[in-house]
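Only one structure is covered here, and it is reproduced in the block below.
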Amino acid sequence: MIKKIKPEIIPVSYFLSGEYFSDAVRNTISAVLPVLIFIKIGNPEAAVASGLGVVLICLTDLPDNRPNKIKTAAWSIFFFVLTALLVSLSRLHPVLNAIVLCSLAFIFCLLAVLGNRMAVIGMTSLVLAVFVLGFDPQSPLHFSLYILLGSIWYYSVSLIQIIILPYRSINYAINECLISNAHLLRSKAKNYNTQVPFDAGQKESLMLHFKVIRKHEQIGNMLSTDKFAMNPKNLQGRKLLGKARLVTDLCNLIGAVHYDYPFVRNMLKNHHGQGLIPELVDILSYRTERLVLGISTRDAQETEKSYLEKTDQLQRTLVKATDLQKIVLNKLLSNIIDINAIVSLIREGRYDQQTKARLSYRSLPTERQFSLKYSFALASPIIRFSLRLAASFLVVFIVSWYLHPAKYIYWIFLTLVIVARASFAITIKRTLQRIKGTLPGVILGLALILIIKNSMVHMGISMALLLGFYTFNRLNYTISVMFITPAVILVLGMYSGGIEQIILGRVIYTVIGCFVSLLASYFLPVWDSDQIGSRLEDAIAASRSYLKICTASHIAECEQSFRYTGKNAHSSLADLSDAIESAVREPVQRNVDFNALYAMQTLLYEINASITSIYLHREKVPQASEITGIGYTDLYPAGFIGGKAMRLTCPKKPGPRCPKDLWLLEAQRMLNQKLGYLHLLYSRFPC
């Protein structure tokens, strides 16, 4: 029996050696070291400013390649020093201070137009502006220089690391993608199990597949922007590209294994093959997961033995199957064999199979860029959010100044920056995460203060809590807040005293900031329900282009186009899914029929899976026929479209009576018919 690991459980050894934890250790040491040095030499101002610079600039250092990290370092340092100077110099003039803060809020939000990396730099710089406001430095120039010193120190460490290990981030990204593919396979296995409710299993598979698509986009971004790694003479870079392409092929194959599952369940009812299929898919899931997590020689042998036995059993069941059952089982067996072949290539490190002349990083999925023209229109979510956050800053500044601001009132601004997002649904989510993380964190901080009186022990605990914050910051925001809240309480308690005021202020101002961010969401709102129509239209158009490429007459010449249009089709569908999930949580849903939307999303997903299956089938027809020993036309590739499998009444071999592309023409007609039906539904849909 194969040992299985639940998708949610990752071995401790893998986690500790992974990028999240190792980055957290690097960030924590980089932040603490200058603080200890400056405290030792008796310069508390330098300790606070340089430590603040390191603690925050760490957050801009996302996993990426060397060229992008260098750009991130340059822009982050520039914006950090500029922000520290502007805010600290304007602090004595309230009107000027308000203008500077609101202007920075607007400008930094607009940086999202330039992509995710600049968006993170902008929002982190805004967090720095809030902290500078709260710390109220007496010497703006010195404070800004210390921020500069801390920022340069951190990125010197980070860039040295990326020079020594240039492919570290891309390797971790590929490993994460493999684990996500394993989880997707495990989810798809449930679709064949009659004991699992179909709707729940179907939705889980869709969500996991969209998650995999996003991870593929991250890999594509890293490779497409690293000219050094993608140099044809760079053998290590070519191996990485080959591995990334194999992982992309694996995702395509898994995506193609998407059928009319109720039909498949009913067709294989009371047939022994129905139980073997999910067992085989589970084995593939386990083997894919073990590409990353490792596997002992004994387990590998047992897994291989189990796979071969069950494959042989499935082939033997064909003897007692009906003609229609044979079509279904052969299609499933063919896909299982293909997926296992890709997993074997990755396990054996045979990336050279993908290093042909036609191999190019441009065919990998990448993050799509915003239209600059649209982004600066009032209808743009980015411009609306920028105006909204700037207005929120102005209101909070005026009210706090009128009421004679307390010492820690800047936490309201901090909460606004962290919680407020363009989408109402994401703002709600971040608000709940912030509150759920703050309250337990406050209780933990208070307990540590009451139980432990030694300030040196407080310092050590704060370092451990900071490590926890960095570890979970990109994984789980709620947990990261639970770590950083007691750390802030301990550090501020040592720095300025007044624990009661710190704790009370942390709770009250966090709640106020969350309330203001939710209230502000109704000013120039961004409703995802308004975006569903355009997202659906884009997804349908992308699928049409994908179908056109995959049914082109000269298949050998369109591999790059297949990958390019495929990534657009999948990404557009993922964008549609994000919009639907966000719209569900909105207070104003405008009578949207979500059941109809989910049905259209599922149908579009099935169409894309069928298109992928058509292309992959056209590339491998001879091999598939040899493996399964069945006729050419029995391997109908289009996912049993329309609730039934189609077997053409043709001879076993193509000839004058049966053109070999007859099934292709029929599949193309059926898919175009379904896309036309979807477009008709969209034209009548009130969104």
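All values below come from the heavy atoms of this structure, side chains included, with hydrogens, waters and symmetry mates left out. Bear in mind that the values here come from a model prediction, so they are computed numbers and not experimental data.
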Do [X] and [Y] get their side chains close enough for a donor-acceptor pair, meaning under 3.5 Å?
X      : Y      : answer
Asp538 : Ser572 : no
Ser187 : Ser205 : yes
Tyr546 : Thr612 : yes
Tyr307 : Glu302 : no
Asn65  : Ser169 : no

Just by modelled atom types, is the [Y] backbone N or O under 3.5 Å from a matching donor or acceptor in the [X] side chain?
X      : Y      : result
Ser582 : Asp578 : yes
Gln601 : Leu576 : no
Asn330 : Lys326 : yes
Asn68  : Asp64  : no
Ser344 : Asn340 : yes
Ser545 : Thr565 : no
Thr317 : Leu314 : yes
Asn171 : Tyr167 : yes

Salt bridge (charged side-chain N to carboxylate O under 4.0 Å, His left out) involving Glu304 - partner list, sequence neighbours excluded: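 So Glu304 forms a salt bridge (charged side-chain N to carboxylate O under 4.0 Å, His left out) with Arg287.
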
Could you measure the distance from the [atom1] atom of [X] to the [atom2] atom of [Y]? Nearest 0.5 Å is fine.
X      : Y      : atom1 : atom2 : value
Leu280 : Ile336 : CG    : CD1   : 4.5 Å
Lys429 : Glu581 : NZ    : CD    : 10.5 Å
Leu178 : Lys215 : CG    : NZ    : 11.0 Å

Verdict with supporting geometry, Phe210 and His570, ring pair (Phe, Tyr, Trp, His ring centres under 6.0 Å): CA-CA 8 Å; Phe210 296 146; His570 295 315; 8.9 Å; no

Lys567 and Glu217 ion-paired at < 4.0 Å: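 Looking at Lys567 and Glu217, the cut-off is not met.
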
